[in-house]
Structure formats: structure tokens, C-alpha cells
Amino acid sequence: MKIKLIDAATVIRSKNCSPFELTMDIIINKETDFQNIKKADAINRKVIAEAYNIPLEKVKKVIYFDAAQAIKAVMERPVASGSPGDTDVYGAQQHAPLLKLELEV
Amino acid sequence: MNTGITEFKVLSPTAILGYGFPEESFKRGIEMQPDLIAVDAGSVDPGPYYLGSGKPFTNRDGVKRDLRYILKAAYDLDIPAVIGTAGGSGARPHVDWCRKIIEEIAEEDNLSFTMGVIYADVDKELIKSAIKAGRTRPLGGLPDLDSETVDKATNIVAQMGLGPIKNALDLGSQVVLAGRAYDPTAFAAKPIALGFDPALALHMGKILECAAIAATPGSGCDCVMGILREEHFELVPLSPVREFTKNSTAAHSLYEKSDPLYLPGPGGMLDLNEVKFEEMPEGRIKVSGTRFIPEENPTIKLEGAEKVGCRTISIAGTRDPIMIGQIDSILETVKTNAMSMLKSEGVKGDIFFHVYGKNGVMAELETETMHSDEVCVLIETLAANQKDADAICSIVRSTLLHYGYPGRIATAGNMAFPFSPSDISAGDVYKFSIYHLLEIDENDIFKTEIHEL
């Protein structure tokens, strides 16, 4: 079965978790969807790397957090927050590629 | 509990001192007779400029308004007020800026109290000898720390843990004004000193430092009360429109953190694996099960920023499809042409184009191809001084305006400039250069000054 992430999630967001890292949070609305995604490991480092078209090693980790029915990804920032060449000091607008994700569960 | 106190109430007025809060929420909090008012006043979120330059990122009037409520209420109730990461980044200029505001309020409102001021700046020589002894290590993928980086930093602060704030309170401070501090410590130091569980106190502080952001609807400018007890803590929304739910509180554990289950700080980390959230009447939530894993060799986190130059910007747009279709190659050529002109003048610097409508927000992380009828080109130039940054921006702007790109039929000018003057000197630019752990006993770094107001 395929799930469109944008239909299953109530929150899809990005933010700095340090000046050098971005974190993406995805909160799933229904527990069954969350459990299915988790069981299938449908969001993993490879899926995130492909969504952003970046090398796998740039994606540090993906964590499933049951208490909030949430999935968290952490990736390296291309440029440190506020350093020359940065485009998003807070990192709060780097989530858009996740809106298109379709997951096989 | 050795002190016989079974409950400790901490009022958190706002997520960042200066962001404000509704007077009614604050009054409701005061009516509950808190034992402490604590507030976090800083963040690294707004970027390196504020730490590097020593300037605050919050508005002075806003900070003074918030502080007036807090100081007056703390004075009337005879309870301590603790301010963490003063002035936004918590370096000496930030702390002194906030201290001046407190002194003004004390004088204007006839308040007299003892104030403990804790500076968080770290001596450069101390860091250099720690580097030699192998007692520093990098975070966030930065290289190992070296002496040159230490010398170049304009301000270097360390995140204080519980010790310095506890010490300032022990010295009789009714108001504690702390430099850079691990966010929860302003909330947790006092109850932990009274014998409450450090894990619960720190976890409560971790949520309270964001005020009502963990409630639903969330807000960074509304008050929350935390009630710490022996086996749990409770969060109480102080506005009737908000409530804490299991979801909102658990989801907050994710916010801005690299791991929702392990939250590292000075002296060890919080372990949230066994945490239980229990919804209570009136939008309250009960939290229990937090554990604390102490660190074997205590470390503190250093933060430093260095100046990289000066910036000038110019904002322009184009609505020409022939130009938009080849925007990348046009900008590349403009950059090359401008740089070669500047080279003969001996002017050095960097040019960045932020192309909104294409990839201005995500740059190299962008995965879509452009589909805009118009794009904004934000020209950004960086050089060692403002004069050179201005000169580069001027050349890039005029070259872009008149460059005869292939197939051009709009020959009067390539860009629409919304403003005259078109170029803005944007001042000093900094970068985060130090984000490292230092193995040290925190009592060797943070010094408290006591002032009678």
C-alpha cells in the first residue's frame, strides 16, 4: 500500500538543531499509519537522502519517536547558519521535498 | 526530600525575554504564588552576528517591559528571579546591556535587591591550554579547535550548568542575571538546590524555557507554570485558550533537537525513554519517568563567532522570460565579468546571488526546476571592509543591469529595482567558528559578582 506523506502527517517541518545541522520532524496523525510506516521502515536515511538529492552520509540519522507518533531526521547543513552563502538562518523552510514523499508500507 | 518542601512552582513568563506576554496570564501566574520566576533570554537561532558583535537581538523596550513585570512581582512576593543567557547570546556586552536595564527599573520603581551577575565569557588562554592538553573536542562536524580560531573569535562564551546559578542564589541573590546558560538551568537550579530530583527539574526547565510553545495552540509569548513534586511535574497553562496535551508535550521533545529521547547538557544528559505524559483537568499535564545520565568527565559547550567581513546587498527582479530561461548562465557571466573588472582595481571579495523564484530558499537542497514568470535576484557581496563590499556590489549591479545576454530583445535594462538607492550597506558579517566541548569543572570558569541595588 502506498501512503502520501502529506495526507498522513499533521506536521512536516524543518529547523536548525545546531548551527551546523538541520532536523526534519514529521508527526503522523493516525497511530496505525505511524506503526505501518515504522514497521516498513518507510522513512530511513536513504529515503531522506533521495528526497533531497544529497549523499547518504549527509543524513546523520532517522529516529522513530512513538510518544509523539513522530519521525525525526537529522542532516548536515550545506552551509552553517548565518555563514556566507547561507539562505535560511533558522533552517525553517527546508521541508518542502518531504511534502512530495510517497511511502510504500 | 530533606527540606520538607513537597512542591515547587516556577513561573515562565515568555520564551525569550523581550518577546512579551499577556498581562492577564502573568497575573494568573502570580496569583498561584510561584516560588521562582525564571526566563530564558537567548538563543543561537538568529545566527552568529549577535554573539560575534556583542549586540542583543531583542528589542530594548520589549526587554524592559517584560523585566519590569518580572522584577516587581518577584520583589512583592519575595521570591528569586533568574534570567538565563542575558541579551540573546550571553557574552559580557549582552549581560551588561541587560544589567543596565535592570538597574534602570530598580531606580525608576524604587526596588532594592541583591543581584548576582554571572559572566560566561571564557579566557582565551585557558582554552588554548585546554587545546594543548587535549581537553576540547568539536561538535557539529567542525574541525578540532586550534589557537588561531580562538584568537580570531570576538566573543567566546560557555554554557553554564546548575553550579554557577546555585552559587549565586547561595550568595543571597534575589535576582540572578546569568550570561550564556544551558536553557533549563535558570528554572532548575533553585529547586535542585532544595533537594528536588534533578532529572525532573531539568526536564521541566527544558519545557518551561519555551514558555507556552509546548501547549496547543503553542505560543512563545504566553506564560506557563511548572509545578515540581517528588515523583513528577505538572505544566499549567496560564491562558484559558491553551492546553497541554500528550501530543503537544511529546511533540515538543522533538523541537530543535537532534534526538527526542536523549537531551545532552552540562554534566550529563536527560533520558526520556521512560517518560509518561498524563492529561489532567484544565489543560494541565503530568510528566514523570525522566532519568538523568551523568557524564563521567563533565564538559561544557563553548560557542564563539568571528568576523568574516562586511556585506552589501541589492535587490532586483526580472519579468523577462528570455532572461529567466538562462538566469544561471547570465549570473555566472556577470560574476566573471565583474570580478575581472575588480581584479584590475585590486578589490577582493565574494559574490552570492540569491535567486528567489528559483532556489533562493533552498539553494543546493532544492530539487525542483524553476517555473516562475518572475524572479528576484538578491545580490550579496562580501569583502574585508564595507568600502570594498560596496564597490563590488555596485559593479555587479550595473553589469547585471546592462549585460547583453544571448537573444536579448529588452535592451533598455535587465532588472527592475524597487528602491533608490538600490544598494544597502549591511555591515559586519560573522560566522560561528567555535562550537566545541571543553572538559573542565564549571566552577573554574563562571565568576559571580554581587551587586546591591
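Note on naming: letters A, B, ... go to the chains in the order of the sequence lines (proteins, then strands), and numbering restarts at 1 for each one.
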Asks: Below 4.5 Å from any heavy atom of chain A, which atoms of Leu378(B) appear? Answer side chain, backbone, both or neither.
Replies: neither
Asks: Return the option, out of Asp350(B), Val429(B), Asp259(B), with the maximum number of heavy-atom pairs under 4.5 Å with chain A.
Replies: Asp259(B)
Asks: Can you tell me which portion of Lys100(A) sits under 4.5 Å from chain B's heavy atoms? Options are side chain, backbone, both or neither.
Replies: side chain
Asks: Give a yes or no on this: more than 12 heavy atoms of other residues, nucleotides or ligands lie within 6.0 Å of atom NZ of Lys55(B).
Replies: no
Asks: Check whether any side-chain N or O of Thr87(A) sits under 3.5 Å from a backbone N or O of Val361(B) as a donor-acceptor pair, and report yes or no.
Replies: yes
Asks: How many angstroms lie between CZ in Arg13(A) and CD in Glu256(B), if you round to the nearest 0.5 Å?
Replies: 9.0 Å
Asks: Side chain, backbone, both or neither: which part of Tyr49(B) has an atom under 4.5 Å from a heavy atom of chain A?
Replies: neither
Asks: Rounded to the nearest 0.5 Å, what separation is found between the CG atom of Leu365(B) and the CZ atom of Arg77(A)?
Replies: 9.5 Å
Asks: Would you call Tyr435(B) and Pro19(A) a side-chain contact if the rule is heavy atoms closer than 4.5 Å?
Replies: yes
Asks: Any chance you could measure Asn16(A), atom CG, to Asp45(B), atom CG, to the nearest 0.5 Å?
Replies: 5.5 Å
Asks: Specify the closest pair of heavy atoms between Ala68(A) and Leu254(B), including all atoms of both residues, with the distance to one decimal.
Replies: CB-CD1, 4.4 Å
Asks: Which answer fits Ala80(A), side chain, backbone, both or neither, if we ask what part of it has an atom under 4.5 Å from a heavy atom of chain B?
Replies: neither
Asks: Over all heavy atoms of both residues, which pair between Thr367(B) and Ala51(A) is shortest? Give the atoms and the distance, please.
Replies: CG2-O, 3.3 Å
Asks: Using a cut-off of under 4.5 Å for heavy-atom pairs, which of Gly360(B), Gly141(B), Ser248(B), Ser433(B) has the most such pairs with chain A?
Replies: Gly360(B)
Asks: Would you name the heavy atoms of Asp86(A) and His354(B) that are closest together and state the gap between them?
Replies: O-CE1, 3.5 Å
Asks: What closest approach, in Å, do Leu261(B) and Phe65(A) show between heavy atoms, and which atom pair accounts for it?
Replies: CD2-CE1, 3.4 Å
Asks: Keeping Lys15(A) on the side-chain end and Lys257(B) on the backbone end, is there a donor-acceptor pair under 3.5 Å?
Replies: no
Asks: When heavy-atom pairs shorter than 4.5 Å are enumerated against chain A, which of Ser253(B), Ser43(B), Gly309(B), Pro48(B) gives the highest number?
Replies: Pro48(B)
Asks: Can you tell which of Ser81(A), Ser14(A), Ala92(A) has the highest number of heavy-atom pairs within less than 4.5 Å of chain B?
Replies: Ser81(A)
Asks: For the residue pair Tyr90(A) and Pro46(B), establish whether any side-chain heavy-atom pair is separated by less than 4.5 Å.
Replies: yes
Asks: Where do Lys61(A) and Ser258(B) come nearest, in terms of heavy atoms and distance?
Replies: CE-O, 3.1 Å
Asks: Taking every non-hydrogen pair under 4.5 Å, which of Asn53(A), Asp88(A), Val74(A), Asp25(A) racks up the most with chain B?
Replies: Asp25(A)
Asks: For Met362(B) versus Gln93(A), what's the shortest heavy-atom pair and its separation?
Replies: CG-O, 3.8 Å
Asks: Spell out, as yes or no, whether a donor-acceptor pair under 3.5 Å connects the side chain of Glu364(B) to the backbone of Val79(A).
Replies: no
Asks: Val89(A) versus chain B, heavy atoms under 4.5 Å apart: side chain, backbone, both or neither?
Replies: both
Asks: Which one wins on heavy-atom pair count under 4.5 Å against chain B: Gly91(A), Ala70(A), Ala67(A), Pro84(A)?
Replies: Pro84(A)
Asks: Using non-hydrogen atoms and a 4.5 Å limit, figure out which bit of Ser18(A) sits close to chain B: side chain, backbone, both or neither.
Replies: both
